[in-house]
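The structure appears right after this line, and notes come after that.
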There are 2 protein chains.
Amino acid sequence: MNSTTLYGGIEAGGTKFVCAVGTSPDDLREERFPTTTPDETLARAIAFFRAQPRVAAIGIGSFGPVDLHPDSPTYGCITTTPKPGWRNTDVAGAIHRALDVPVKFETDVNAAALGEARWGAARGLDTFIYLTIGTGIGGGGLVSGKLMHGLVHPEMGHIRLPHDFARDPFPGVCPFHGDCLEGLASGPALEKRWGARAETFPPDHPAWDLQAHYLALALVNYTCTLSPQRIILGGGVMEQTHLFPHIRRKVLELLNGYVQSPPLLENIDAYIVPPALGKRAGILGALALVM
Amino acid sequence: MNSTTLYGGIEAGGTKFVCAVGTSPDDLREERFPTTTPDETLARAIAFFRAQPRVAAIGIGSFGPVDLHPDSPTYGCITTTPKPGWRNTDVAGAIHRALDVPVKFETDVNAAALGEARWGAARGLDTFIYLTIGTGIGGGGLVSGKLMHGLVHPEMGHIRLPHDFARDPFPGVCPFHGDCLEGLASGPALEKRWGARAETFPPDHPAWDLQAHYLALALVNYTCTLSPQRIILGGGVMEQTHLFPHIRRKVLELLNGYVQSPPLLENIDAYIVPPALGKRAGILGALALVM
């Protein structure tokens, strides 16, 4: 590819879409707009790309669940989402047909992970995970250098954890599982448990110790299951950066020396980290999908 | 390789070693002996191979924790095991130096997973896990066609789960974590909780419903984290084959329709399965490591 080749990216989120054209974090033109109906939202994305110089390909990181199997008849579709109107929406197909460019389709979290692998906090790693903790909780990543797929794709937010009923009788908000991780520790769980939006709480509010506790339990489970070389925590809830030292300390306490690895035991500050690309991990990762 | 090339395998277990020479499940000469001191046990393995026709290479699937990084000075060693005398034992180096053949070193569960991938219940799959539930609980597998490594290697037995204190006040037996999965559901946990060896319990003993419950919670967590195409359950505890239908039913109940995938929803009997190679998965997998 010569230096003038441009690439496109779409971060298809449940509340907002981000479209961009460019080549890197230092060369990116982007537009954001709210996610409304599929027809209106996809038309707006298509109009954005039509107004830009032609791109070689477009990568899409989408909210889900999604169909990632290239040989499936519903490849590129959002499948069983509860989001009104979006069930069975062929996102990749609509973009491909309208713009006549190659399209690659991924989960939003896998795209963000790829962005961090190319330009951010996961450079040089082949096995790591990226988690977003916000309206929902999701996770993706690379294992041995490949984006995680498998049967469908990971749904890391829905693991079950010890629920600390003694100090937390709150039943959880997940409509499928009640007190799974997302049910206990997503933004809506925080808001419903404490009766106010969590970003208004001071750092010494008891919400945060409980939040760090549940997230640390989850990270211990991912570490034992996948043995990631690093864990990146993004999403709105993690903008409370005071959570990081709490989570790191609790992860070490919970592992209790069992996983004998210097990067974990001696350098936990570099093991559990925020995304180096910040809120741009997703859109840059969408671009990276096709570069 | 022509049809007369022979391969060697060692299943290095904490209680027994299995050594074998051959080419497939239908062509395998093996010997088993108890794991005593490292010197004595490795000498016995070396003597076995010296008495056999020369092999092209030897694969080793070992109990752990182990060092799997080929560029590490302690590659091929058992590292921080609590097993007396075995800490920092250079298993791969000892075999390589004595027999002057290429050696490949893996976790016991990754080796067993590879055996199942080549000849057993995971043929044709690129992402699946193999769990052993016995004296300890461990897991390995392939993700996108590659054996799981990462920072160290998975330690799937040490994930944390909701502990059902109401019907199970037993605190767990894991010396590191108390009531992690291994602490609650390994063979020693069953024996200590109920005061007798579990293989003596009839299928309607309450031990089994609780056991199926904890294992189902663990399988849900692995499914959400990795999205495996299949889960293979081996090890001594799973010789209680009546556990399989319980576990399958509880996994579906716990997922509650969230993961919309026909292999899971419509064919759970083929999703959670015993190893097709039975107790030979480990030794055959050791062979497969170098074939």
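First the proteins, then the strands, lettered A, B, ... as listed; each starts at 1. In this text the structure is predicted, and so the values were computed from the model without any measurement.
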Considering only heavy atoms and a distance below 4.5 Å, find which of A/C180, A/P162, A/G150 pairs most often with chain B.
A/P162
Looking at every non-hydrogen atom in both residues, tell me the closest pair between [X] and [Y] and how far apart they are.
| X | Y | value |
| --- | --- | --- |
| A/F170 | A/G183 | CE2-O, 4.0 Å |
| B/A92 | B/F105 | CB-CD1, 4.0 Å |
| B/G134 | B/P188 | O-CD, 3.7 Å |
| A/A121 | A/A276 | N-CB, 3.5 Å |

Under 4.5 Å from a heavy atom of chain A, the part of B/P263 involved:
side chain
Measuring heavy-atom distances to chain A, does B/L226 have an atom under 4.5 Å in its side chain, in its backbone, in both, or in neither?
both
Is the shortest side-chain heavy-atom distance between A/I231 and A/F128 below 4.5 Å?
no
Roughly how far apart are [X] [atom1] and [Y] [atom2], rounded to 0.5 Å?
| X | Y | atom1 | atom2 | answer |
| --- | --- | --- | --- | --- |
| A/L131 | A/L219 | CG | CG | 6.0 Å |
| B/L243 | B/L233 | CG | CG | 9.0 Å |
| B/I133 | B/L181 | CD1 | CG | 7.5 Å |
| B/L217 | B/L161 | CG | CG | 5.5 Å |

Determine which donor-acceptor pairs between chain A and chain B fall under 3.5 Å and list them with their distances.
unit_1, atom_1, unit_2, atom_2, d
A/L151, N, B/S227, O, 2.6
A/L151, N, B/S227, OG, 3.4
A/V152, N, B/S227, OG, 2.9
A/H153, N, B/S227, OG, 3.3
A/E155, N, B/C224, O, 2.7
A/E155, OE1, B/Y258, OH, 3.2
A/M156, N, B/C224, O, 3.3
A/H158, NE2, B/Y258, OH, 3.2
A/R160, N, B/N221, OD1, 2.7
A/R160, O, B/N221, ND2, 2.9
A/R160, NH1, B/L254, O, 3.1
A/R160, NH2, B/L254, O, 3.0
A/F176, O, B/N256, ND2, 2.8
A/H177, NE2, B/L255, O, 2.9
A/N221, OD1, B/R160, N, 2.7
A/N221, ND2, B/R160, O, 2.9
A/C224, O, B/E155, N, 2.7
A/C224, O, B/M156, N, 3.3
A/S227, O, B/L151, N, 2.6
A/S227, OG, B/L151, N, 3.4
A/S227, OG, B/V152, N, 2.9
A/S227, OG, B/H153, N, 3.3
A/L254, O, B/R160, NH1, 3.1
A/L254, O, B/R160, NH2, 3.0
A/L255, O, B/H177, NE2, 2.9
A/N256, ND2, B/F176, O, 2.8
A/Y258, OH, B/E155, OE1, 3.2
A/Y258, OH, B/H158, NE2, 3.2

Heavy-atom pair count under 4.5 Å with chain A, highest-scoring of [options]:
| options | answer |
| --- | --- |
| B/L264, B/L255, B/V220 | B/L255 |
| B/V259, B/L254, B/L147 | B/L254 |
| B/C224, B/P154, B/G139 | B/C224 |

